[in-house]
Amino acid sequence: GAGVSQSPRYKVAKRGQDVALRCDPISGHVSLFWYQQALGQGPEFLTYFQNEAQLDKSGLPSDRFFAERPEGSVSTLKIQRTQQEDSAVYLCASASGGATGELFFGEGSRLTVL
Amino acid sequence: GENVEQHPSTLSVQEGDSAVIKCTYSDSASNYFPWYKQELGKGPQLIIDIRSNVGEKKDQRIAVTLNKTAKHFSLHITETQPEDSAVYFCAASIVNQFYFGTGTSLTVIP
């Protein structure tokens with residue numbers, strides 16, 4: 001596709017459920033980032049991939065959060081045993097190079113944990 | 001780590017007036033400073049960026065200035081139009097991370 005695609009756009013989960021959020025980056029983009037955006041806040045870094053290698057996962061808030069990009073293209077962010085504080089918009093962004101060039105964001109996946 | 005502060009959090013201007021949003025950063029190693037515009041229900045979109053070796057950059061009605069000594073940078077929008085209404089985020093980049101400000105909700109009143 002022409003842009004970064006994320007699915008699902010909206011997800012409602014009961015506390016304790018596992019969720020998986022998918023990101024299709026722009027074709028050929030080497031770098032992929034996941035961000036968490038709480039209501040009224042700026043995006044907060046979660047993790048960064050260069051191709052299939054997860055180079056930085058320092059922003060993942062707990063071991064319930066896991067991200068992968070096995071073939072260097074599509075990425076999945078998985079949240080296990082969801083908690084109410086996990087409710088946020090999860091943004092995926094890709095870039096042709098590293099973090100000194102334009103980030104192209106998807107429209108986000110809004111997660112609501114009840 | 002890097003800390004980016006952004007002011008004001010909300011800004012209302014009359015159509016045709018100018019809008020200025022200011023950001024400060026803490027880590028002198030940050031070397032790339034983009035500005036993003038986010039419309040409701042959409043992801044942020046880059047509108048302008050500046051690198052640490054440049055003091056000012058302009059693109060039509062939008063300009064960004066960078067003061068490395070003071071560690072602050074600003075977004076200037078001139079001749080504002082209703083379609084400029086959105087949330088604007090500044091960011092500072094270091095290594096492979098972007099650190100975003102908390103956003104400014106700009107409303108342009110027709």
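Below, chain A is the first sequence line, B the second, and so on; all start at residue 1. Just so you know, these numbers use all the heavy atoms, side chains as well, and skip hydrogens, waters and symmetry mates. Note that the coordinates shown come from a computational prediction; the quantities given were computed from them, not determined experimentally.
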Decide yes or no on ring pair (Phe, Tyr, Trp, His ring centres under 6.0 Å) for B:Phe98 and A:Tyr35, but give the supporting numbers first.
CA-CA 10 Å; B:Phe98 286 80; A:Tyr35 287 87; 7.2 Å; no
Picking from A:Glu44, A:Gln6, A:Gln37, which has the most non-hydrogen pairs under 4.5 angstrom with chain B?
A:Gln37
Cut-off 4.5 Å, heavy atoms of chain A, and the answer for B:Tyr99 is neither
Backbone N/O of A:Phe105 and side chain of B:Tyr36: donor-acceptor pair under 3.5 Å:
no
Would you say A:Glu52 has more than 12 foreign heavy atoms packed within less than 6.0 Å of its CD?
yes
If one checks every heavy atom of B:Gln6 against chain A at 4.5 Å, the contacting part turns out to be neither
So, B:Thr102 and A:Gln41: side-chain donor and acceptor under 3.5 Å apart, yes or no?
no
Highest number of heavy-atom pairs under 4.5 Å with chain B: which of A:Gly42, A:Gly40, A:Gly108, A:Pro43?
A:Pro43
Quick one: what part of A:Arg9 sits under 4.5 Å from any heavy atom of chain B, side chain, backbone, both or neither?
side chain
Nearest atoms (heavy-atom pairs only) where A:Trp34 meets A:Thr76
CZ2-C, 4.2 Å
Spell out, as yes or no, whether a donor-acceptor pair under 3.5 Å connects the side chain of B:Lys71 to the backbone of B:Ser28.
no
In terms of the angle between their ring planes, are A:Phe65 and A:Tyr90 parallel, tilted or perpendicular, with boundaries placed at 30° and 60°?
tilted
More than 12 heavy atoms from other groups under 6.0 Å of CG on B:Leu40
no
Can you tell me if B:Ser105 uses its side chain to pair, donor with acceptor, with the backbone of B:Thr10 under 3.5 Å?
no
Taking only heavy atoms into account, what residues of residues 53-63 of chain A are found under 4.5 Å from chain B?
A:Asp56, A:Ser58
Relative to chain A, which segment of B:Pro34 carries a heavy atom at a distance below 4.5 Å: side chain, backbone, both, or neither?
neither
